[in-house]
Amino acid sequence: MDEDLKSAISTHFPEFTETEFKSELLEECNIRHIPAGNPLVEMGQQIRSIPLVIHGKVKIFREDEDGHELFLYYLEPGDACAISFSCTLHDNISKVKALAVEDTDVISVPVRLMPHWMSIYRSWYRFVIDTYNDRFDELLAALDSIAFHRLDERLVDYLEKNQRALDTDVLNLSHQEIAFEMNTSREVISRLLKKLEQKGAVKIGRSKLEIIDLTLA
DNA sequence: ACATTAATTGTGT
DNA sequence: ACACAATTAATGT
């Protein structure tokens with residue numbers, strides 16, 4: 001039972017070196033399974049535990065009051081949601097939405113342990129700082145994309161991210177879904193996709209997109 | 001196999 | 001952005 005957890009930790013989080021830390025992890029944390037398509041954290045929800053993903057893929061969105069969303073980035077095995085770290089210190093509510101796009105397993109680290117662990121386990125301290133840094137960089141990249149790039153470039157960005165994260169050339173997304181995640185209208189996406197198709201970068205199917213070669217874009 | 005309907009995509013303003 | 005046309009996929013008969 002706990003063997004799964006143990007091996008999951010050592011394969012996806014090899015940076016956790018202290019043996020006492022690892023055994024404490026085993027004691028205090030449990031695995032949570034989230035089926036594909038289900039939310040991990042909803043916008044505005046209290047954060048009581050930090051998810052460390054060990055299987056599957058998780059999409060992170062920003063969401064506004066009337067349900068507009070904006071895709072930010074993917075979380076993969078070995079990643080943690082850094083946004084939730086900040087919530088621990090301020091017992092804040094979540095400012096993002098997290099959605100499992102594949103069947104996903106996470107280790108749930110209770111937030112109450114954070115201050116203690118941060119102070120005594122160096123590898124945990126480093127991990128938190130490092131992932132915070134990585135996510136901050138991604139946020140900046142996302143911000144640049146919106147501020148300085150035109151929509152067609154953003155779309156290519158978006159497709160690249162999906163291709164890389166999901167590790168496939170075939171994306172099962174409707175134009176509507178893409179538009180939603182990029183916070184634009186469906187028509188615009190349709191038109192941009194058609195341009196990409198004409199350049200031979202993608203092939204359009206119904207609720208399906210085959211990526212041929214994005215460098216042609 | 002065919003008709004009906006719903007969902008997705010295309011186009012013009 | 002909106003309205004509507006066209007096309008494709010899904011479902012029932």
Side-chain angles (χ1 to χ4, degrees), chain A residues 32-45 51 53 55-77 79 81 83-84 93-106 135-217:
Chain A
R32 206 149 67 89
H33 181 79
I34 301 99
N38 285 71
L40 231 155
V41 268
E42 286 285 4
M43 181 73 185
Q45 185 185 324
V53 359
H55 276 126
K57 303 280 158 60
V58 179
K59 261 183 177 180
I60 306 294
F61 297 95
R62 183 84 246 261
E63 205 179 41
D64 76 1
E65 16 350 297
D66 9 80
H68 294 122
E69 35 183 56
L70 180 67
F71 168 66
L72 292 177
Y73 48 76
Y74 276 102
L75 250 41
E76 301 192 14
D79 292 334
C81 183
I83 313 280
S84 46
I93 56 178
S94 176
K95 300 178 184 66
V96 298
K97 177 175 124 181
L99 192 78
V101 289
E102 293 175 6
D103 281 6
T104 297
D105 292 312
V106 301
R135 295 306 145 202
F136 191 74
D137 285 348
E138 285 206 69
L139 268 184
L140 284 185
L143 182 61
D144 282 353
S145 173
I146 295 168
F148 306 128
H149 297 332
R150 294 203 333 267
L151 200 60
D152 53 347
E153 305 175 65
R154 283 183 58 204
L155 177 59
V156 175
D157 261 21
Y158 173 86
L159 295 177
E160 265 173 1
K161 275 192 194 174
N162 281 273
Q163 181 186 28
R164 192 157 31 80
L166 300 178
D167 196 33
T168 174
D169 289 342
V170 181
L171 307 177
N172 287 300
L173 297 165
S174 70
H175 300 178
Q176 182 60 248
E177 295 178 282
I178 298 174
F180 220 68
E181 302 199 343
M182 294 190 23
N183 191 27
T184 7
S185 66
R186 199 264 314 156
E187 293 92 318
V188 173
I189 296 298
S190 291
R191 286 171 173 140
L192 289 175
L193 282 177
K194 207 166 58 172
K195 283 188 188 174
L196 289 183
E197 189 178 42
Q198 282 162 4
K199 294 191 210 172
V202 299
K203 187 166 155 292
I204 298 175
R206 212 177 173 72
S207 293
K208 170 177 300 193
L209 247 196
E210 189 178 346
I211 296 176
I212 309 296
D213 184 0
L214 286 177
T215 63
L216 298 174

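Treat the numbers as computed from the prediction; the structure is a model and nothing was measured. Order of the sequence lines fixes the chain letters, A, B, ..., with proteins taken first and strands second; residue numbering starts at 1 for each chain.
- Straight-line distance from the CG atom of A:Leu209 to the P atom of C:dT8: 16 Å, rounded to whole Å.
- The side chain of A:Arg186 lies closest to B:dG10, out of B:dG10, C:dA1, C:dT7.
- Regarding contacts with the backbone of B:dA7, every side-chain N or O of A:His175 stays at 4.0 angstrom or more from both OP1 and OP2.
- A:Gln198 places its CD atom 17 Å from the P atom of B:dT9, with the value rounded to the nearest Å.
- Nearest nucleotide to the side chain of A:Lys194, out of B:dT9, C:dA1, B:dG10: B:dG10.
- In terms of modelled atom types and a separation under 3.5 Å, the side chain of A:Lys161 and the main chain of A:Leu72 share a donor-acceptor contact.
- Between the CG atom of A:Leu192 and the P atom of B:dT9 there is a distance of 14 Å, given to the nearest Å.
- Residues A:Tyr74 and A:Asn162 form a side-chain contact, since some pair of their non-hydrogen atoms from C-beta on lies under 4.5 Å apart.
- Between A:Asn172 atom CG and C:dA9 atom P there is a gap of 13 Å when expressed in whole angstrom units.
- Classification of A:Lys57 and A:Asp167 as a salt-bridged pair fails, no side-chain N sitting under 4.0 Å from a carboxylate O.
- If you measure from atom CZ of A:Arg206 to atom C1' of C:dA9, you get 6 Å, rounded to the nearest angstrom.
- Atom NE2 of A:His68 is separated from atom P of C:dA1 by 9 Å (rounded to the nearest Å).
- Of the possible polar contacts, none joining the A:Glu69 side chain to the A:Phe61 backbone as a donor-acceptor pair under 3.5 Å is found.
- B:dA7 atom P lies 18 Å from atom CD of A:Glu187, rounded to whole Å.
- A straight line from CD1 of A:Ile189 to P of C:dA1 spans 11 Å, rounded to a whole angstrom.
- Closest contact between the side chain of A:Arg191 and the listed nucleotides C:dA3, B:dT9, C:dA1 involves C:dA1.
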